[in-house]
Amino acid sequence: MAELTNRERMQIQRQEMPTQEPEARVGNFDEVALGLTWELARLEAERCLQCAKPHCVDGCPVGVTIPQFIKALREGDFEGAVRAMQQKNNLPAICGRVCPQESQCEAYCILAKRGQSVAIGRLERFVGDYSIRENSNPPVPAPPTGRKVAVVGSGPAGLTCGMDLAKLGHKVTIFESLHLPGGVLIYGIPEFRLPKSIIQAELKKAVDYLGIELRTDHVIGNTYTLDELLEEYDAVFMGTGAGLPSFMRIPGINLNGVMSANEFLTRVNLMKGYRFPEYDTPVKVGRAVAVIGAGNVAMDAARSALRLQTLHAERQRLTAADEPIAAGEVHVVYRRSRAEVPAREEEFHHAEEEGVIFDFLTNPIAILGDERGNVRAMRCIRMELGEPDASGRRSPMPIEGSEFDMPVDTVIFALGTSPNPIVFTGAQGLERTKHGTVVADHETGRTNKPGVWAGGDVVTGAATVISAMGAGKRAAADIHRFLSDPASEEGRSKKED
Amino acid sequence: MYKILEKQVLSDVTKLMVVEAPHVARKARAGQFVIVIADEQGERIPLTIADHDRAAGTITLIFQEVGKSTQQMGELDVGDGFYSVAGPLGHPTEVELYGTVICVAGGVGIAPMYPITRELKAAGNHVITIMGARNKSLLFWEEKMRAVSDELIVCTDDGSYGRKALVTEPLKEILAARAAGGDEVKKVWAIGPTIMMKFVSAATAPFETPTVVSLNTIMVDGTGMCGGCRVAMTDGAKFVCVDGPEFDGHKVDWDNLLSRIQFYKAEEQQAIEHWQHAEDHECNLDVAARELAASGES
C-alpha cells in the first residue's frame with residue numbers, strides 16, 4: 001500500500017473484530033471475539049498517525065512501544081512487530097484479549113479526541129496470536145548469573161516477573177498452589193474470553209525457552225514458608241493475587257445454591273465443569289440465577305451461567321425429546337445504576353447481547369430457602385442514588401418499603417476478593433494493611449521485609465491483569481538491580497546449590 | 001505424577017496407599033490434609049494425611065470408595081500415580097497434655113484419627129479410643145489403634161464385631177462414669193461421618209467436655225479460594241480448608257452442614273453411572289455432548 005497522508009488515514013473507519021453471533025455463542029464455550037484478519041489488521045494499523053510524542057504509551061502499565069509495533073505491522077514486518085512488542089510485553093496474546101484498553105492506551109490515543117481511537121488492543125492480539133502460531137522470536141535468556149529467585153504465584157504478576165528475570169539470566173522457580181499454572185487467567189477468566197490454549201502457549205515459552213522451573217501443588221505458607229524460601233533463594237517475589245472471596249453479611253448465605261463467583265468460575269474454568277460428567281467436577285446452575293455485583297467477574301459468571309443453562313437444556317432435549325425445557329434466565333443484580341457499572345464496556349455489551357438481565361439499583365437483603373435448605377428466592381430492596389461519597393460515586397440508599405422477592409434458585413456473589421492469608425504464615429515481619437494487602441513500593445515492589453518483593457492484586461486488592469503485569473515488571477527490574485549490586489552478594493555462598 | 005509405592009486393601013471399600021510426595025511429607029502433621037486429583041479429568045478431593053515419612057518422602061492416604069473419583073482411585077495400583085497432590089493443608093491438631101481424653105473414630109475416620117491418637121498418647125494423656133463402623137468388614141487398624149491407646153472399645157452398628165452399639169453409647173457411659181467419679185474426661189476428638197460427629201457433639205455437650213471434630217465438606221481448591229467449604233458456626237461462617245479442618249463441635253450448625261454436603265448428590269450418582277457405563281463402551285450421547293461443548297478446546 002502506498003504511503004497514506006494523515007488525512008487519508010483519518011478517513012479509515014475503526015475496524016470491528018468479527019465475533020460469534022450471540023444466539024450461537026450462548027450454546028458453547030468457544031471464544032466470542034474471533035480476532036482480526038490480516039486484511040482488517042492492516043487497515044486498522046494504517047489508521048495510526050505515528051505521533052512524534054505518542055500518548056498511548058503513557059496509558060500502558062507496561063509501556064508497550066505501541067507506534068513501533070503498529071508501524072512494523074502495517075509494513076508487513078510481522079517479526080518486527082513481535083520484537084517491538086516483546087521488548088515490554090511477554091504476554092501479548094493475553095493482554096490483547098483481557099486488557100481494558102478503552103481506559104488505558106486507547107483512551108490516550110490522539111484519535112480518541114476526534115472520534116475513534118486506533119484499536120490497539122485488537123492489533124496487539126493479532127501480533128500475539130501471530131507470535132504463538134509461528135513461534136516467532138522466542139525469548140533468549142542472558143548467560144546464567146548464578147542468582148536464584150523464587151516467584152510465588154503463577155498469575156499475571158508472577159509470570160511477568162519470572163519471565164523478565166529469567167531473560168536476564170537469573171534462575172527462576174515459580175511456585176503455584178493449584179495443579180495448573182496461570183492463576184486467575186486459568187481459574188477465573190472463562191474459555192470464551194481467554195482460551196486455555198493461549199495461556200498454555202504463552203506459558204510454554206516461559207518453561208521451554210527461559211528454563212523457568214514451575215512447581216505446581218505447592219501452597220506457600222504451608223508446603224514452604226516465605227522465610228524458608230529466603231534461606232534458599234536470593235530474592236522472593238510474591239504475586240499471590242487476591243483469591244479470598246467475599247460474601248454479603250445477610251441471612252441465608254449458607255443455603256444450598258449460594259456460592260462465590262470464585263467457586264463457580266473455578267469449577268467451570270479450571271476444572272472444566274461444563275464438560276461434566278466427562279470431567280469429574282460438577283457445576284450446578286439453576287434455572288434462575290442471580291449474580292450479585294457488576295464487575296468483570298460478575299459478567300464472566302453471568303455469561304458462564306447462561307452457557308451452562310443452554311448446554312443443559314440442549315442435553316435435556318437430546319435425552320428427553322418430548323420434554324424440552326427453557327434454558328432459564330440469568331440476572332445481574334447491582335445496587336448502583338448503569339452508569340456506575342465497573343465492568344469493561346465490551347463485557348457488559350456482550351452480556352447484554354447474550355440475554356443477561358440487569359437489575360440496577362437493587363440490593364439483596366436476604367436469601368430465602370425452602371424446607372430442604374435450597375435457595376428459593378432472594379429478598380431485595382430498591383435503591384436510589386444519593387449524594388456522591390468519598391470516592392466521588394453517588395452512594396446508593398435503600399428506598400423504604402420497596403422490598404420484593406426475586407424467585408431464584410442460584411445466587412452467585414461477585415463482590416470482589418482480598419488476598420489469601422495462607423502465604424503470610426511464616427512470613428515474619430511482613431507489613432500489611434488493615435485490608436490484608438501487602439505494603440509494597442509502587443515503583444519497585446519492595447516490601448519492608450528484606451529480600452521480598454510483592455506486586456499485583458496481593459498489593460492493590462482485586463484489579464486488572466495488566467496492572468499486575470506492570471507491577472511484576474517493575475519488581476523484576478528492581479530485583480535485577482538488587483541482584484546486580486555487589487553488596488547483595490553477601491551471604492550468597494550459603495545459598496549456592 | 002505422584003507415584004503409588006504401596007497399596008493395601010483394608011476392607012472391600014477402604015484402600016490405603018503410600019504415595020511419593022516429598023513436598024508434603026516434609027511438613028505434614030497430624031490433622032492436616034491434601035488435595036488429590038486422580039487424573040487430568042479428575043476432581044480435586046480432600047483426603048486427610050493418615051501418616052507420613054519425612055525421610056522416605058511419602059505420605060499415607062486412606063480413602064473409602066464412595067463416589068466415582070474414589071472408586072477410580074481405588075483401582076490404581078503400585079506403580080501408577082496421582083496427577084496432583086497438593087499440601088499439606090489446614091491446621092494441624094493441637095496436642096497437649098490434658099489428662100484423660102477420648103478419641104472417637106467412625107469408619108474411614110479411623111485412619112486420620114490414628115496419628116492424632118498416637119500423638120495424644122505420646123504427650124502423656126490417658127487415651128480411651130472408641131472405634132466403630134456399620135459392620136465388621138468396614139473396620140481396620142484395630143491392633144494399631146490398640147497400640148497407641150490405653151483403652152480401646154470397638155463397636156459395630158449391626159453387632160457383627162465387638163459391641164453392638166453406636167459409638168455414642170460407650171462414649172456417654174464413660175463420660176457419665178468419669179464425671180461421677182470426679183475424674184472427668186478433659187477432651188474428646190471425633191472423626192467420622194458428619195452424622196456421627198453431630199451426635200458425638202450432642203453427647204458431650206451436657207458434660208461441657210471440649211469436643212474437636214474434623215469436618216469433611218464440599219471443597220474445590222482447598223486453599224481458601226472458593227468458599228464452598230464454608231460452615232455456619234455459632235460465631236460466624238468459617239472455611240474448613242483454612243480455618244479448620246478441626247473445629248469446636250459444639251459451635252457447628254450441624255443441620256446446615258448435613259444439608260450442604262448433599263448438594264451434589266444427584267451429580268455424584270450421574271458421575272458413577274457415566275463411569276460404569278463408559279467402562280463398557282462410549283455413549284453416543286457423550287460423543288454428541290462432547291462435540292457440542294468441546295469445540296472450543298481446539
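Each chain gets a letter, A, B and so on, in the order its sequence line appears, and its residues count up from 1.
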Worksheet entry | Interatomic spacing from OH in B:Y264 to OG1 in A:T281 - rounded to 0.5 Å | 9.5 Å
Fill in: Atom group of A:F413 that falls short of 4.5 Å from chain B, counting heavy atoms
neither
Worksheet entry | Residues of residues 25-43 of chain B with any heavy atom under 4.5 Å of a heavy atom in chain A | B:R26, B:K27, B:I37, B:E40, B:Q41, B:G42, B:E43
Discussion item. Would you compute the distance between atom CZ of B:F263 and atom CE of A:M259 and round it to the nearest 0.5 angstrom?
Written reply: 5.0 Å
Item to complete: Check the side chains of B:Y2 and A:D217 for a donor-acceptor pair under 3.5 angstrom, ignoring hydrogens and angles.
Response: yes
Discussion item. Strictly distance-based, threshold 3.5 Å: is any side-chain N or O of B:N256 a donor or acceptor partner for the main-chain N or O of A:N254?
Written reply: yes
Worksheet item: Atom CZ of B:R260 and atom CG of A:N374: how far apart are they, to the nearest 0.5 Å?
Response: 11.0 Å
Practice prompt. Count the heavy atoms belonging to other residues, nucleotides or ligands that lie under 6.0 Å from NZ of B:K7, then report whether that count exceeds 12.
Written response: yes
Discussion item. Quick check for you: among A:A242, A:G273, A:G221, A:G257, which has the greatest number of heavy-atom pairs under 4.5 Å with chain B?
Written reply: A:G257
Fill in: Toward chain B, the part of A:T310 with a non-hydrogen atom under 4.5 Å
neither
Discussion item. With a 4.5 angstrom heavy-atom cut-off, is it the side chain or the backbone of B:V242 that approaches chain A, or both, or neither?
Written reply: side chain
Discussion item. Are the side chains of B:F239 and A:P245 in contact, using a 4.5 Å heavy-atom criterion?
Written reply: yes
Worksheet item: For the residue pair A:I253 and B:R230, what are the closest heavy atoms and their distance?
Response: O-NH2, 2.6 Å
Fill in: Contact class of A:I422 relative to chain B, heavy atoms under 4.5 angstrom
side chain
Fill in: Side chain / backbone / both / neither for A:R249 at chain B, heavy atoms under 4.5 Å
neither
Worksheet item: Between CG of A:N262 and CG of B:D221, what distance do you get to the nearest 0.5 Å?
Response: 8.0 Å
Discussion item. Can a donor-acceptor pair be found, under 3.5 Å and without considering hydrogens, that links the side chain of A:D280 to the backbone of B:S69?
Written reply: no
Item to complete: Select one option (side chain, backbone, both, neither) describing which atoms of A:L255 are under 4.5 Å from chain B's heavy atoms.
Response: backbone
Discussion item. Applying side-chain hydrogen bond (donor to acceptor under 3.5 Å, both in side chains) as the test, list every pair that has at least one member in residues 86-95 of chain B; sequence neighbours left out.
Written reply: B:T93-B:E246
Worksheet item: Out of curiosity, A:E263 CD to B:M219 CE, how far, rounded to the nearest 0.5 Å?
Response: 11.0 Å
Practice prompt. State, yes or no, whether a side-chain contact exists between A:F276 and B:Q270 at a heavy-atom distance under 4.5 Å.
Written response: yes
Worksheet entry | Min side-chain heavy-atom separation A:T216-B:S84 under 4.5 Å | no
Discussion item. How long is the straight-line distance from OG1 of A:T223 back to CG of B:L89, given to the nearest 0.5 Å?
Written reply: 7.0 Å
Fill in: Any donor-acceptor N/O pair, A:N222 side chain to B:P88 backbone, under 3.5 Å
yes
Discussion item. Under a 4.5 Å cutoff for heavy-atom pairs, which residue among B:V24, B:L257, B:V85 has the most contacts with chain A?
Written reply: B:V85
Fill in: Distance-minimising heavy-atom pair for B:R44 and A:S177
NH2-O, 4.3 Å
Worksheet, complete the sentence: What one should report as the nearest heavy-atom pair of A:S260 and B:M225 is OG-O, 4.5 Å
Response to the item:
Ranked by heavy-atom pairs below 4.5 Å to chain A, first place among B:G67, B:G227, B:G224, B:G90 goes to B:G224
Worksheet, complete the sentence: Under 4.5 Å to a heavy atom of chain B? For A:F192 that would be neither
Worksheet entry | Which portion of A:E228 sits near chain B, non-hydrogen atoms under 4.5 angstrom | side chain
Item to complete: Fit a plane to each ring of A:H218 and B:H23, take the angle between them on a 0 to 90° scale, and name the class: parallel (under 30°), tilted (30 to 60°) or perpendicular (over 60°).
Response: parallel
